[in-house]
Amino acid sequence: MSFSTKYIATVQRYVPSPFSIAIILSIIIGFAAFFWAPNPQNFGLQQRGFSIFLAWEKGFWDLLAFSMQMVLILVLGHICALTNAVNKLMQWLLGFFTNNATTALGVCLISLVFAWINWGLGLIVGAILARKAAENARAKNIAINYPLIGAAAYTAMMVWHGGLSGSAPLTIATEHHALVDKIGVIPVSDTIFSPMNLFVSVLLLFVIPFLSYWFAKTLPTAPVHLYLSEESDYLPESNSNAKKNTPAESLENSRWFSLSMGSVILAIGFYKAYVAGNLSVLSLNYINFMLLGLGLCLHHSVYQFLLAGEKAVKGAWGIIIQFPFYAGIMGIMQYTGLIVVFSDFFVNISNTYSFPIFTYLSAGIVNLFVPSGGGQWAVQGPIIVNAAQLLQADLPKSVMALAYGDQLTNMLQPFWALPLLAITGLRASDILPYCILFFIAGFLIFFLALLAF
């Protein structure tokens with residue numbers, strides 16, 4: 001057995017399910033809060049433990065709206081993927097990927113480009129493309145490394161916070177953000193479009209796809225049916241067997257009814273983009289709205305749309321049950337003050353020049369427990385701003401250091417992989433061995449960039 005085979009088998013043997021990981025992280029952060037979080041009210045052991053449970057319970061419900069957004073982006077994206085039009089487009093793209101190596105490279109590159117534009121777009125496009133690549137390989141009886149291709153699609157989450165939808169840099173670029181009295185408005189020309197970040201982004205777009213190609217050349221392949229069921233996901237273009245005896249049934253199966261509603265939704269979306277005049281319109285709500293309109297237009301009836309939704313929603317249970325657990329972890333970090341203790345530790349060992357590096361490291365660790373860029377900036381941002389001003393450190397660079405740490409450890413955190421896992425049919429343990437390798441490469445790129453600029 002080769003070293004690579006042993007490595008993959010070892011990682012897969014010891015990695016539990018994402019839900020088990022969420023429970024383990026909850027326990028770890030609970031104990032950390034018990035021993036290290038501030039205790040201003042001098043609670044006894046029993047009261048202190050109970051207060052941590054209350055912080056977890058309070059945070060447990062904080063991401064319900066966001067969880068629903070993620071469920072919708074998964075379900076609506078999958079509904080669009082189940083149309084013949086999208087299948088034909090994907091097959092055309094896959095025509096350029098002639099073997100395992102070029103497939104891994106192509107999926108990785110397309111995912112990264114879309115994610116730099118918008119993280120939700122990159123995540124869903126990458127997942128769908130990886131799934132279609134596997135189905136194409138199964139149809140042609142080609143052995144590919146499907147877990148590697150799934151991991152290559154997931155690298156989308158390595159670039160998003162330095163891209164056009166990055167939470168922290170976009171937040172401080174708005175006129176009325178929470179910290180405007182302290183730092184004013186910092187334009188994206190100093191953060192997202194800074195020479196450092198443009199260099200990092202371009203380097204990632206070259207290095208990560210090249211690594212995907214190289215891994216695919218050197219690591220073993222396996223038949224796709226080991227990961228993907230034989231059941232076809234495609235729906236017929238029309239439902240000729242559907243009952244059309246009543247006006248209601250005729251309406252449900254009408255091409256024009258579905259197309260009209262979808263067209264209205266898309267028209268509203270395009271008008272909003274035209275009025276905005278830039279990519280700032282690409283929020284999660286906007287993407288979901290457009291996916292809804294696209295799905296209604298591409299399916300041949302409301303009936304067919306609902307059939308696709310029934311197939312797609314089966315993969316959403318992981319998000320529904322696990323996101324509240326991560327919200328609870330965020331609640332412990334925020335409401336017990338543990339994140340302040342953690343961040344202060346890195347501040348105390350920093351100076352003017354090393355502060356961005358330690359911000360990068362601390363943000364990467366915090367992201368394991370608070371895997372939301374916006375949520376992490378809300379609780380860690382004020383600490384970074386205060387420390388940067390105290391140490392006279394480069395604030396825009398420090399903000400991007402937080403962004404780099406946040407996006408890097410997504411490769412170790414299955415939180416954002418849940419939509420991809422649901423669409424591809426892979427498990428977290430399948431993609432993690434390869435994600436670790438991408439993590440190592442990303443760590444070096446971000447670290448060296450922060451030292452060089």
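By convention here, the first residue in the shown sequence is residue 1.
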Checklist entry - With Phe323, which of Phe60, Trp317, Phe415, Phe19 fulfils ring-ring contact (aromatic ring centres under 6.0 Å, His included)? => result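 Output: one option passes, namely Phe415.
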Item to check | Sole residue of Phe210, Tyr154, Phe215, Phe443 in ring-ring contact (aromatic ring centres under 6.0 Å, His included) with Phe438 | outcome: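 The residue from Phe210, Tyr154, Phe215, Phe443 that satisfies ring-ring contact (aromatic ring centres under 6.0 Å, His included) with Phe438 turns out to be Phe215.
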Minimal non-hydrogen separation, [X] against [Y], with atom names:
X      : Y      : answer
Ala104 : Ala152 : O-CB, 3.9 Å
Asn367 : Gly405 : CB-O, 4.4 Å
Gly442 : Leu408 : C-CD1, 3.7 Å
Tyr434 : Ala151 : CB-CB, 3.7 Å
Val185 : Ala173 : CG1-O, 3.4 Å
Ala449 : Met196 : O-SD, 4.1 Å

Checklist entry - Going by the side chain to side chain donor-acceptor pair (under 3.5 Å) test, which pairs reach into residues 195-205, not counting sequence neighbours? => result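 Passing the test, one end in residues 195-205: Trp116-Ser201, Asn197-Tyr404.
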Report yes or no: does [X] contribute a side-chain atom to a donor-acceptor pair with the main-chain N or O of [Y] at less than 3.5 Å?
X      : Y      : result
Gln334 : Gly59  : no
Thr409 : Gly364 : yes
Asn288 : Ile73  : yes
His161 : Leu402 : no
Gln407 : Gly162 : yes
Asp190 : Pro396 : no
Thr352 : Leu391 : yes
Lys397 : Leu450 : yes
Thr359 : Ser398 : no

Checklist entry - Taking only residues at least two apart or on different chains, which pairs with a member in residues 95-115 satisfy salt bridge (charged side-chain N to carboxylate O under 4.0 Å, His left out)? => result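 Every pair satisfying salt bridge (charged side-chain N to carboxylate O under 4.0 Å, His left out) with a residue in residues 95-115: there are none.
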Checklist entry - Taking atom CD1 of Ile79 and atom CZ of Phe305, what is their separation to the nearest 0.5 Å? => result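 Output value for this atom pair is 4.0 Å.
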Checklist entry - Between CZ of Phe96 and CG of Leu105, what distance do you get to the nearest 0.5 Å? => result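 One finds 13.5 Å between CZ of Phe96 and CG of Leu105.
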Checklist entry - Would you call Asp394 and Phe355 a side-chain contact if the rule is heavy atoms closer than 4.5 Å? => result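 SC-SC contact between Asp394 and Phe355 ruled out.
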Next on the checklist: For the OH atom on Tyr213, are there more than 12 heavy atoms of other groups (residues, nucleotides or ligands in this structure) within a distance under 6.0 Å?
Outcome noted: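 At most 12 heavy atoms, drawn from other residues, nucleotides or ligands, come within 6.0 Å of this atom.
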Checklist entry - Around Phe369, counting heavy atoms of other residues, nucleotides and ligands shown, do more than 12 lie under 6.0 Å from its CZ? => result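 Counting neighbours around CZ of Phe369, more than 12 heavy atoms of other residues, nucleotides or ligands fall under 6.0 Å, so yes.
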Item to check | Partners passing side chain to side chain donor-acceptor pair (under 3.5 Å) against Gln413 (at least two apart in sequence or in another chain) | outcome: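 Listed in chain order: Tyr326.
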Item to check | Listed partners of Ser20 passing side chain to side chain donor-acceptor pair (under 3.5 Å), at least two apart | outcome: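 Partners of Ser20 by the side chain to side chain donor-acceptor pair (under 3.5 Å) criterion, ordered by chain and then number, come out as Ser17.
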Next on the checklist: Is a donor from one side chain sitting under 3.5 angstrom from an acceptor on the other, for Asn100 and Thr103?
Outcome noted: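 No donor-acceptor contact under 3.5 Å links the two side chains.
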Would you list the atom pairs, donor with acceptor, under 3.5 Å between side chains in residues 416-423 and any protein atom, with sequence neighbours excluded?
from, atom 1, to, atom 2, distance (Å)
Trp416, NE1, Pro371, O, 2.8

Next on the checklist: In terms of relative ring orientation, are Tyr360 and Phe446 parallel, tilted or perpendicular, with 30° and 60° separating the classes?
Outcome noted: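 Plane angle over 60°, so perpendicular.
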Checklist entry - Would Ile183 and Gln389 satisfy side-chain contact (heavy atoms from CB on, under 4.5 Å), going step by step from the backbone distance to the final call? => result CA-CA 9 Å; Ile183 62 174; Gln389 291 178 333; 3.6 Å; yes
Checklist entry - Given Leu437 and Tyr7, is the side-chain contact (heavy atoms from CB on, under 4.5 Å) satisfied, shown in steps? => result CA-CA 11 Å; Leu437 299 177; Tyr7 161 73; 4.0 Å; yes
Item to check | Reference residue Val107; test side-chain contact (heavy atoms from CB on, under 4.5 Å); the match among Val125, Leu112, Leu129, Leu93 | outcome: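 That would be Leu129; it is the only one of Val125, Leu112, Leu129, Leu93 passing the side-chain contact (heavy atoms from CB on, under 4.5 Å) with Val107.
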Checklist entry - Are Leu94 and Lys132 close enough, and set up right, to give a side-chain contact (heavy atoms from CB on, under 4.5 Å), and what steps lead you there? => result CA-CA 8 Å; Leu94 292 171; Lys132 298 298 183 185; 3.9 Å; yes
Next on the checklist: Applying side-chain contact (heavy atoms from CB on, under 4.5 Å), can you list everything that pairs with Met290, at least two apart in sequence or on another chain?
Outcome noted: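 Only Leu266, Phe270, Tyr286 meet the side-chain contact (heavy atoms from CB on, under 4.5 Å) criterion with Met290.
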Item to check | From CA spacing to verdict: side-chain contact (heavy atoms from CB on, under 4.5 Å), Leu179, Ile172 | outcome: CA-CA 8 Å; Leu179 300 174; Ile172 61 175; 5.6 Å; no
